[in-house]
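The next block holds one structure in the form of structure tokens; read it before the comments.
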Amino acid sequence: MTVFGRLGSALLGAAATAVLFSGIAAAAPLAASAAPSRGGAVADLVAATNAARQAAGCPAVEPDAQLHEVAQAHAAELARHRYLEHVDREGRTSDERIRSAGYGESSGENLAFGYPTAAEVMEVWMSSSGHRRSIEDCTYTAIGVGYVADGHYWVQDFGS
């Protein structure tokens with residue numbers, strides 16, 4: 001699932017309205033706060049994801065180094081080329097990238113950009129039935145998160 005956020009002046013020169021993508025629209029106010037560090041952003045998103053899963057009665061997902069690498073590489077590519085798709089520029093789907101990390105049974109991916117904090121992107125994802133379904137899928141056992149501060153690109157990969 002993908003969600004576009006409002007882009008700040010660094011990207012378009014003025015705030016843009018939320019963009020509809022893949023049938024899901026979500027808008028969140030652009031925060032005036034400084035961008036979190038990558039490590040802090042990743043930890044914050046994993047913690048927020050596990051809090052949402054706990055509220056839904058699901059076990060926590062464990063951070064996985066290989067999934068983090070896959071997610072971070074995709075986030076870096078998205079930011080570098082300024083696009084937001086589950087299919088990378090080499091034509092690989094999120095399922096194929098996640099399988100390369102050793103997860104083939106079940107996988108999921110959430111994407112977003114333009115949200116400066118994990119709290120903001122989680123609020124948007126939890127307001128979207130498709131994103132929420134991925135987060136609350138109790139079959140997932142592992143998570144990998146990619147984050148690039150330039151544009152606030154987020155990739156949340158799940159595997160089991």
Side-chain angles (χ1 to χ4, degrees), residues 1-5 21-28 31 33 35-81 83-160:
M1 304 260 83
T2 53
V3 173
F4 284 82
F21 190 81
S22 293
I24 299 167
S33 62
S37 70
R38 187 174 85 73
V42 168
D44 289 350
L45 188 59
V46 170
T49 299
N50 279 328
R53 289 175 61 82
Q54 181 180 18
C58 295
V61 284
E62 295 295 323
D64 180 88
Q66 290 177 298
L67 275 179
H68 279 302
E69 286 179 27
V70 168
Q72 187 59 41
H74 193 52
E77 177 183 313
L78 296 173
R80 184 174 35 259
H81 298 288
Y83 76 106
L84 196 68
E85 292 286 340
H86 292 288
V87 178
D88 66 21
R89 292 173 55 93
E90 295 176 5
R92 293 178 303 161
T93 66
S94 59
D95 287 338
E96 291 169 328
R97 289 190 310 278
I98 292 168
R99 271 198 302 275
S100 76
Y103 293 92
E105 290 295 313
S106 179
S107 64
E109 180 172 80
N110 288 333
L111 305 177
F113 83 93
Y115 298 96
T117 68
E120 289 173 287
V121 77
M122 278 297 292
E123 181 179 340
V124 171
W125 282 340
M126 293 304 288
S127 296
S128 158
S129 62
H131 295 92
R132 183 180 198 117
R133 189 170 31 257
S134 293
I135 292 165
E136 294 178 346
D137 185 330
C138 294
T139 65
Y140 295 141
T141 59
I143 188 171
V145 174
Y147 174 72
V148 175
D150 181 17
H152 305 292
Y153 282 81
W154 298 90
V155 175
Q156 182 184 52
D157 285 339
F158 296 100
S160 58

Identified side chain to side chain contact (heavy atoms under 4.5 Å, CB included) partner of Val145 from the options Asp44, Leu45, Leu67: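 Among Asp44, Leu45, Leu67, the one that satisfies the side chain to side chain contact (heavy atoms under 4.5 Å, CB included) with Val145 is Leu45.
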
Which residue in the set His74, His131, Glu85 passes side chain to side chain contact (heavy atoms under 4.5 Å, CB included) when paired with Leu111?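 Going through the options one by one, the only one that passes is His74.
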
Minimum heavy-atom separation for [X] to [Y], with atom names?
{"X": "Ser106", "Y": "Thr139", "answer": "OG-OG1, 3.9 Å"}
{"X": "Tyr147", "Y": "Ala41", "answer": "CD2-CB, 3.5 Å"}
{"X": "Ala75", "Y": "Gly146", "answer": "CB-C, 3.8 Å"}

For [X], check side-chain hydrogen bond (donor to acceptor under 3.5 Å, both in side chains) against everything at least two apart and list the hits.
{"X": "Asp88", "result": "Arg92"}
{"X": "Tyr140", "result": "none"}
{"X": "Ser94", "result": "none"}

Give the C-alpha distance, both sets of side-chain angles, the deciding distance and a yes or no for side chain to side chain contact (heavy atoms under 4.5 Å, CB included) between Leu84 and Tyr153. CA-CA 9 Å; Leu84 196 68; Tyr153 282 81; 4.2 Å; yes

Determine whether Val148 and Gln72 make a side-chain contact, defined as any pair of heavy atoms from C-beta on separated by less than 4.5 Å.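 Result yes, sub-4.5 Å side-chain heavy-atom pair found.
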
Is Phe158 close to Ile135 at the side-chain level, that is, under 4.5 Å between some pair of heavy atoms?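 Counting from C-beta outward, Ile135 and Phe158 do come under 4.5 Å.
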
For residues 89-132, which residue pairs pass the disulfide (SG to SG under 2.5 Å) check, not counting sequence neighbours?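 Listed once each, the pairs would be none.
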
Show every disulfide (SG to SG under 2.5 Å) that has at least one partner inside residues 112-160, sequence neighbours left out.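 The answer is Cys58-Cys138.
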
For Arg89, which residues count as a salt bridge (Lys or Arg N to Asp or Glu O under 4.0 Å) partner, sequence neighbours excluded?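 Testing Arg89 for salt bridge (Lys or Arg N to Asp or Glu O under 4.0 Å), a comparison that skips the adjacent residues, returns none.
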
Just jot down the side-chain contact (heavy atoms from CB on, under 4.5 Å) partners of [X], sequence neighbours excluded, or say none.
{"X": "Ser100", "value": "Val70"}
{"X": "Ser107", "value": "Asp95, Ile98"}
{"X": "Ala60", "value": "Asn50"}
{"X": "Gln54", "value": "none"}

Taking atom types as modelled, is there a side-chain donor on Asp64 or Tyr103 under 3.5 Å from an acceptor on the other?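 Tyr103 and Asp64 do have a side-chain donor-acceptor pair below 3.5 Å.
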
Verify whether one side chain among Thr49 and Gln156 offers a donor that lies under 3.5 Å from an acceptor in the other.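 Distance-only check passes for Thr49 and Gln156.
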
Test: salt bridge (charged side-chain N to carboxylate O under 4.0 Å, His left out). Region: residues 134-144. Which pairs qualify, not counting sequence neighbours?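 Residue pairs with at least one partner in residues 134-144: Arg132-Glu136.
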
Does anything in residues 65-76 form a salt bridge (charged side-chain N to carboxylate O under 4.0 Å, His left out)? List the pairs, not counting sequence neighbours.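 Counting only pairs at least two positions apart or across chains, no salt bridge (charged side-chain N to carboxylate O under 4.0 Å, His left out) contact touches residues 65-76.
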
Test side chain to side chain contact (heavy atoms under 4.5 Å, CB included) on Val155 and Leu78; report intermediate values, then the result. CA-CA 9 Å; Val155 175; Leu78 296 173; 3.8 Å; yes

Would you give the length of the straight line joining atom OH of Tyr115 to atom NE2 of His152, rounded to the nearest 0.5 angstrom?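 Atom-to-atom, Tyr115:OH and His152:NE2 are 12.0 Å apart.
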
What distance do Arg97 atom CZ and Glu90 atom CD have between them, rounded to the nearest 0.5 Å?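 Arg97 atom CZ to Glu90 atom CD measures 10.0 Å (nearest 0.5 Å).
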
Flag if over 12 foreign heavy atoms under 6.0 Å of CD, Glu123: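 No, not enclosed.
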
